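What follows is one structure encoded as structure tokens, with my remarks underneath.
Atoms within each ligand, like the ligands themselves, are counted from 1 in listed order. From a predicted model like this one, the values you see are computed outputs, not experimental measurements. Note that these values count all heavy atoms, side chains included, but never hydrogens, waters or copies made by symmetry.
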Amino acid sequence: MNITLRQLKVFESVAKNLSYTKASHDLHLSQPAVSMQVRQLEEVVGLTLFEKLGKQISLTEAGRELYHYSRGINRSLQEMEEVAESLKGVNRGCLSIAVASTVNYFAPRLLAAFHQRYPGIALKLDVTNREQLVRFLDMNSVDLVLMGQPPEEIDVESETFMENPLVVVAPQDHPLVGEQGIKLKRLETEVFVMREPGSGTRQAMERWFAEHRVAVRHGMQMTRNEAIKQAVRAGLGLSVVSLHTIELELETGRLMILDVEGFPVVRQWYLVYRRNKRLSPPAQAFREFVMDEARRLTLPA
Ligand code: PGA
């Protein structure tokens with residue numbers, strides 16, 4: 001078969017966007033040029049790769065199979081380009097990092113310091129929850145991930161770089177504020193504002209309460225730490241959050257940490273990447289930088 005790299009690149013973009021128009025924008029090509037590349041690829045492999053339902057296109061089964069391989073090939077190509085770039089020196093090339101939404105409270109400080117040291121490296125940052133980070137690792141679509149708990153189902157290398165204390169927070173006027181050694185059982189009479197099921201904070205909290213046989217009542221569910229904090233302030237319930245997300249609220253006294261027995265629950269932050277992944281020099285530099293610099297970040301104690 002005479003498949004060209006260009007056909008694979010165009011196919012991948014259409015498959016990812018499920019739109020010829022978006023792919024043509026991403027690739028800076030005209031829409032007919034994109035359609036032609038896809039048609040040619042379909043002819044070479046002798047299979048239909050997309051089907052159309054109304055205005056929406058979707059991948060056929062053959063398309064899905066090919067997408068799996070084309071992603072790997074395109075990723076290897078990108079790695080090859082990065083390695084070639086790196087042979088020209090560490091301070092160039094690009095680095096794509098994905099971090100847990102909770103990490104994003106300190107990630108910008110790390111990135112700013114990294115950028116100051118290596119201004120020639122172009123940085124791309126994705127901020128999302130644990131579930132999506134595991135997907136990124138599975139697809140090998142980012143260089144490095146900063147997250148709360150490395151996945152067990154994927155073969156990864158992981159290193160801890162900082163503690164991640166989880167605390168119980170309440171609004172300023174909550175009756176438990178100021179009480180010492182609050183018993184865990186006492187929490188069963190309270191309602192908890194929860195993160196979404198894909199959140200690492202939520203998983204850790206649920207696991208911890210289950211291990212200690214505490215049945216907390218779930219109240220509202222929210223996908224953002226910011227929304228959780230507002231909800232707690234508004235009196236919608238207590239919540240368990242990473243200490244790193246409430247730096248400002250603690251400074252201004254808008255949220256209070258409850259002195260509950262067993263808390264803070266100390267988790268770790270991890271730097272994670274696929275095992276056997278050849279880290280580009282910018283990725284290697286970032287890895288070393290995080291291990292070294294994280295200790296120097298000033299975070300609430
Ligand atoms: P998250 O953070 O809750 O934003 O997914 C990741 C984690 O704490 O594991």
On the 0 to 90° scale, with breaks at 30° and 60°, tag the F11-Y67 ring pair as parallel, tilted or perpendicular.
perpendicular
F114 vs F286 aromatic rings, parallel, tilted or perpendicular, using cut-offs 30° and 60°?
perpendicular
Note: ligand 1 atoms sitting under 4.0 Å from heavy atoms of G148 are 7 (C), 9 (O)
I'd like to know if the side chain of Q284 and the backbone of L279 have a donor-acceptor N/O pair within less than 3.5 Å.
no
Whether Q172 side chain and G253 backbone form a donor-acceptor pair below 3.5 Å
yes
Heavy-atom closest pair, residues I182 and L258
CD1-CB, 4.0 Å
Can you tell me which residue and heavy atom of the protein come closest to [atom], and the distance to 0.1 Å?
{"atom": "atom 5 (O) of ligand 1", "value": "G200 N, 2.8 Å"}
{"atom": "atom 3 (O) of ligand 1", "value": "T201 OG1, 2.6 Å"}
{"atom": "atom 6 (C) of ligand 1", "value": "A100 CB, 3.3 Å"}
{"atom": "atom 4 (O) of ligand 1", "value": "S101 OG, 2.6 Å"}

Side chain, backbone, both or neither: W269 near ligand 1, heavy atoms under 4.0 Å:
side chain
Contact region, R195 to ligand 1, non-hydrogen atoms below 4.0 Å, reads side chain
Do [X] and ligand 1 have an N or O pair less than 3.5 Å apart?
{"X": "S199", "answer": "yes"}
{"X": "R130", "answer": "yes"}
{"X": "N164", "answer": "no"}

Reference residue E247; test salt bridge (Lys or Arg N to Asp or Glu O under 4.0 Å); the match among R254, K229, R109
R109
Would you say R267 touches ligand 1, if touching means a heavy atom closer than 4.0 Å?
yes
Begin from the C-alpha positions of R195 and N225 and carry the test side chain to side chain donor-acceptor pair (under 3.5 Å) through to its verdict.
CA-CA 8 Å; R195 282 281 305 277; N225 288 308; 3.1 Å; yes
R275, CZ atom: more than 12 neighbouring heavy atoms under 6.0 Å:
yes
Which residue from T128, V99, T102 reaches closest to atom 2 (O) of ligand 1 through any of its heavy atoms?
T102
